[in-house]
**Q** 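One structure is given below, represented as structure tokens, and several questions about it will come after.
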There are 2 protein chains.
Amino acid sequence: MTTTGQAGLASALMRLSQVVAHVFADVSRSRDLTPQQAQLLCTLIEGPVGMSELGRLLHLEKSSLTGLVDRVERRGLVLRTRDPSDRRASQVGLTCQGAQLAAESHEDVTARLEDLAGELAPADRKRLAAAIATMLDRVVA
Amino acid sequence: MTTTGQAGLASALMRLSQVVAHVFADVSRSRDLTPQQAQLLCTLIEGPVGMSELGRLLHLEKSSLTGLVDRVERRGLVLRTRDPSDRRASQVGLTCQGAQLAAESHEDVTARLEDLAGELAPADRKRLAAAIATMLDRVVA
DNA sequence: TATTGTTATACTCTATAACTATA
DNA sequence: TATAGTTATAGAGTATAACAATA
């Protein structure tokens, strides 16, 4: 039995999340991004998101998000667009350069996580993904 | 099929780790700790650790760790002890108050993660923990 | 009044480079 | 020379409170 096995599911989840965070940090650094900036870019891959929604997704206070978006916008990776239907709101979307960086970073992280899962049999991987999906469904609900 | 299910194992792992990080952040905040401080305390639960080893575990440069330990020591949660056999080195250990906070925080996070896993059948939980353990074994090796 | 977002402020977190002390 | 750790510095990340603009 491994050390991890003894510690229970919760501890396994904590360690796993720490490892994933470190992978993310390494990949971010290799692209000259902070982990927070890379996380922001990856969140925008599927399309522009409003500031409020982005704050919920990233678990950030609105003022923290303002600063984060400011710095990434200054580097030309994202763009704020004023919402015409509600002139208070704005959407944050990737620029071409930002989209490229986001895609590359996401692929790098994916590759390293796939490698980490390399020992698992296909059936185990499928069950693992399904079990995680079940847990995550509980979060949104 | 859920949104998560479509995205593959790597994406599931990324989202899971983000959720765990948010849980950790919430629990830390409720104890008036930063996530980094709570992570440090939890790392010391099993016993004192040297600064170099701590840096490896937390994925931090030595100077970053110096500051983090400084701030937590100033709050009376940890204590540096000079190693008699190598007078350059020092061990960082929890104080009574630090140990209490660490235990409480760890229990809180554990409870919230267990809750998250609540939908899973016992057999699935066991398989999930085992699969994660297999992945983590690959990290250390 | 409520919501969206920014500004001001004060910390914390982090890395790089240079340093001290010990091995 | 190499290792353990600190200091100095600069920038990034974060929250709270107060604010402006719009709904």
Side-chain angles (χ1 to χ4, degrees), chain A residues 18 21-22 24-43 48-93 101, chain B residues 18 21-22 24-43 48-93 101:
Chain A
Q18 202 177 7
H22 293 173
F24 209 88
D26 289 342
V27 169
S28 304
R29 159 173 292 266
S30 78
R31 306 266 173 210
D32 199 30
L33 294 169
T34 66
Q36 292 86 354
Q37 291 170 354
Q39 189 82 64
L40 169 60
L41 296 187
C42 287
T43 304
V49 179
M51 289 288 283
S52 296
E53 172 69 1
L54 208 43
R56 270 190 298 276
L57 292 172
L58 298 178
H59 214 66
L60 287 179
E61 287 300 320
K62 50 191 180 176
S63 62
S64 307
L65 186 59
T66 294
L68 180 57
V69 171
D70 279 351
R71 288 182 291 273
V72 176
E73 188 172 34
R74 210 176 303 138
R75 283 189 47 183
L77 304 178
V78 305
L79 216 57
R80 281 176 171 96
T81 312
R82 223 61 194 182
D83 184 338
S85 69
D86 181 346
R87 283 175 19 229
R88 296 170 301 178
S90 58
Q91 298 269 313
V92 185
L101 253 185
Chain B
Q18 202 177 8
H22 292 174
F24 209 88
D26 289 342
V27 169
S28 304
R29 158 172 294 264
S30 78
R31 306 268 174 206
D32 197 30
L33 295 169
T34 65
Q36 293 85 353
Q37 291 169 354
Q39 188 83 62
L40 169 60
L41 296 186
C42 287
T43 304
V49 178
M51 289 288 283
S52 297
E53 172 69 1
L54 209 43
R56 271 188 298 276
L57 292 172
L58 299 178
H59 214 69
L60 287 178
E61 287 300 318
K62 51 192 181 175
S63 62
S64 307
L65 185 58
T66 294
L68 180 58
V69 172
D70 279 350
R71 287 182 292 273
V72 176
E73 189 172 34
R74 211 177 301 138
R75 282 188 49 181
L77 304 178
V78 305
L79 215 58
R80 280 174 171 98
T81 312
R82 223 60 195 185
D83 184 337
S85 69
D86 181 344
R87 284 169 24 224
R88 295 170 302 179
S90 60
Q91 298 271 311
V92 186
L101 252 186

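To find a chain, count down the sequence lines: A is the first, B the second, and so on, and within it residues start at 1.
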**Q** From C-beta outward on B:Asp70, which listed nucleotide comes closest to its side chain: D:dA12, D:dT7, C:dT12?
**A** D:dT7
**Q** Which whole-number value in Å describes the distance from A:Gln37 CD to D:dG11 P?
**A** 14 Å
**Q** Of A:Arg74 and A:Pro84, whose closest DNA chain D nucleotide lies nearer the 5' terminus?
**A** A:Arg74
**Q** Are any of the side-chain heavy atoms of B:Arg75 and B:Asp32 separated by less than 4.5 Å?
**A** yes
**Q** Take the protein atom CD of B:Gln39 and the nucleotide atom P of C:dT14, then report the distance between them rounded to whole Å.
**A** 10 Å
**Q** From C:dC13, C:dT4, C:dA23, pick the nucleotide closest to the side chain of A:Ser52?
**A** C:dT4
**Q** Measure CZ/B:Arg82 against P/C:dA21 and give the value in whole Å, please.
**A** 11 Å
**Q** Provide, to the nearest angstrom, the distance between the CD atom belonging to A:Glu61 and the P atom belonging to C:dT12.
**A** 18 Å
**Q** Figure out the CZ/C1' separation between B:Arg56 and D:dT3, and round it to whole Å.
**A** 11 Å
**Q** Could you tell me the separation between the CG atom of A:Leu60 and the P atom of C:dT4, rounded to a whole number of Å?
**A** 16 Å
**Q** Tell me which nucleotide among D:dA12, C:dT6, C:dC13 gets nearest to the side chain of A:Thr66.
**A** C:dT6
**Q** NA contact type, A:Asp83, heavy-atom cut-off 4.0 Å: base, sugar-phosphate, or nothing?
**A** nothing
**Q** Would you say B:Ser90 reaches D:dG5's phosphate, i.e. side-chain N/O to OP1/OP2 under 4.0 Å?
**A** yes
**Q** Indicate, yes or no, whether a donor-acceptor pair under 3.5 Å links the base of C:dT3 to the side chain of A:Arg88.
**A** yes
**Q** Please figure out whether B:Ser64 or A:Gln91 has its closest DNA chain C nucleotide nearer the 5' end.
**A** A:Gln91
**Q** Please tell me which of A:Leu65 and A:Arg29 maps to the more 5' nucleotide of DNA chain C, matching each residue to the nucleotide holding its nearest heavy atom.
**A** A:Leu65
**Q** Using whole Å, what does the distance between atom P of nucleotide C:dT12 and atom CG of B:Leu68 come to?
**A** 11 Å
**Q** Mapping B:Lys62 and A:Ser85 to their closest nucleotides on DNA chain D, which lands nearer the 5' end?
**A** B:Lys62
**Q** By nearest atom, which of the nucleotides D:dG5, C:dC13, D:dT22 is closest to the B:Gln36 side chain?
**A** C:dC13
**Q** With a 3.5 Å cut-off and heavy atoms only, can you find an N or O donor on one side and an acceptor on the other between the side chain of B:Ser63 and the base of C:dT14?
**A** no
**Q** Hey, does the side chain of A:Glu73 reach the backbone of A:Arg80 with a donor-acceptor pair shorter than 3.5 angstrom?
**A** yes
**Q** Looking at side-chain heavy atoms only, is the closest gap between A:Gln36 and A:Leu58 below 4.5 Å?
**A** no
**Q** Quick one: do A:Leu77 and A:Leu33 satisfy side chain to side chain contact (heavy atoms under 4.5 Å, CB included)? Show the steps, please.
**A** CA-CA 11 Å; A:Leu77 304 178; A:Leu33 294 169; 3.9 Å; yes
**Q** Tell me whether the OP1 or OP2 atom of D:dA4 has a side-chain N or O from B:Arg87 closer than 4.0 Å.
**A** no
**Q** Rounded to the nearest Å, what distance is computed from the CZ atom of residue A:Arg80 to the C1' atom of nucleotide C:dT6?
**A** 9 Å
**Q** Check for a donor-acceptor pair, side chain of A:Arg71 on one end and backbone N or O of A:Thr66 on the other, with a separation under 3.5 Å.
**A** no
